[in-house]
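Atom set for the values below is all heavy atoms of this structure, side chains included, hydrogens, waters and symmetry mates excluded.
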Amino acid sequence: KDTPKDIVAKHVAAIGGEAAFKAVKSIHAKGTFELPAQGVKGDLEIIAARPNKMINRVEISGVGHAETGYDGKTAWSIDPLAGPSLLTGRALSEIGEDAWFDGALHASDRVKELTTVAKVEFDKRPAYQVKVVHISGVEQMEYYDVETGLLVGSESQRETPMGVLPVKAMLRDYTKFGGLMQPTVL
């Protein structure tokens, strides 16, 4: 089936199931950050905890410390060039949705609309394109691998210091950590 609820349910099953997902209380991931075209590299750290707390930190070689965070109410950004700031309006809503730990489950109390748009190719794989509209108003397109059911990417418009810009994310190389499959390349 390819109803949006079935597509999300297949993804949840593919990552280990709802019970395994809900058993996880926090995530701490470390890795590398790279913008090859700009010659920028750095160390990346992501910390997330239930129900909606998150910090993303990047140490960029030759530039400095960049961070975004959300504590359930307040969101902030530390930019090595512009300095620290509190996020408000659209940017606050977007990071609030990003921080929602159970976001992958697409619960009806968090999602206003879930629509299967098309079967497309995304990152060289057949994928279902699903439009997600959160109760907060934040919208994005999500792409689920037709064969595996795994979420392989998303597209959205995001508030940035340079205005609203398109953002495309690709999720690859799922690996099992404890009871859950998680992408190791973003």
Within a strict 4.5 Å, meaning less than it, do heavy atoms of the [X] and [Y] side chains meet?
{"X": "Thr115", "Y": "Pro4", "answer": "no"}
{"X": "Thr175", "Y": "Met181", "answer": "no"}
{"X": "Leu86", "Y": "Thr74", "answer": "yes"}
{"X": "Val111", "Y": "Val132", "answer": "yes"}
{"X": "Trp100", "Y": "Arg110", "answer": "yes"}
{"X": "Gln140", "Y": "Arg158", "answer": "yes"}
{"X": "Thr116", "Y": "Gln129", "answer": "no"}

### Evaluation steps, side chain to side chain contact (heavy atoms under 4.5 Å, CB included), between Gln157 and Val167
CA-CA 6 Å; Gln157 301 284 320; Val167 174; over 6 Å; no
### Message
Can you confirm whether more than 12 heavy atoms, excluding those of Gln38, are under 6.0 Å from its CD atom?
### Response
yes
[X] side-chain N/O to [Y] backbone N/O, donor-acceptor pair under 3.5 Å:
{"X": "Thr160", "Y": "Met162", "value": "yes"}
{"X": "His106", "Y": "Ala104", "value": "yes"}
{"X": "Thr148", "Y": "Leu150", "value": "yes"}

Is [X] salt-bridged to [Y], cutoff N-O under 4.0 Å?
{"X": "Asp145", "Y": "Lys10", "answer": "no"}
{"X": "Arg90", "Y": "Glu94", "answer": "yes"}
{"X": "Lys30", "Y": "Asp43", "answer": "no"}
{"X": "Asp71", "Y": "Lys53", "answer": "no"}
{"X": "Glu142", "Y": "Lys131", "answer": "no"}

State yes or no: do [X] and [Y] share one hydrophobic cluster built from I, L, V, M, F, W and Y residues joined by side-chain heavy-atom distances below 4.5 Å, directly or via other members?
{"X": "Phe101", "Y": "Ile55", "answer": "no"}
{"X": "Leu171", "Y": "Val12", "answer": "yes"}
{"X": "Tyr144", "Y": "Phe21", "answer": "yes"}
{"X": "Leu151", "Y": "Val24", "answer": "yes"}
{"X": "Leu105", "Y": "Ile135", "answer": "no"}

Of all heavy-atom pairs between [X] and [Y], which one has the smallest distance, and what is that distance?
{"X": "Ala99", "Y": "Met54", "result": "CB-CB, 3.9 Å"}
{"X": "Phe122", "Y": "Gly153", "result": "CE2-CA, 3.5 Å"}
{"X": "Leu92", "Y": "Leu87", "result": "CB-O, 3.7 Å"}
{"X": "Ala66", "Y": "Ile60", "result": "CB-CD1, 4.4 Å"}
{"X": "Trp76", "Y": "Glu67", "result": "NE1-OE2, 2.8 Å"}

### Query
Under 3.5 Å, is there a donor-acceptor pair between the Tyr143 and Glu155 side chains?
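Yes, Glu155 and Tyr143 have a side-chain donor paired with an acceptor closer than 3.5 Å.
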### Query
If we ignore angles and hydrogens, is there a donor and acceptor under 3.5 Å between the side chains of Glu113 and His134?
no
### Message
Apply side chain to side chain donor-acceptor pair (under 3.5 Å) to residues Glu97 and Ser136 and explain how you reach the verdict.
### Response
CA-CA 8 Å; Glu97 290 301 341; Ser136 66; 2.7 Å; yes
### Task
Give the intermediate values and the outcome of salt bridge (Lys or Arg N to Asp or Glu O under 4.0 Å) for residues Arg172 and Asp123.
CA-CA 9 Å; Arg172 297 180 179 149; Asp123 197 20; 2.7 Å; yes
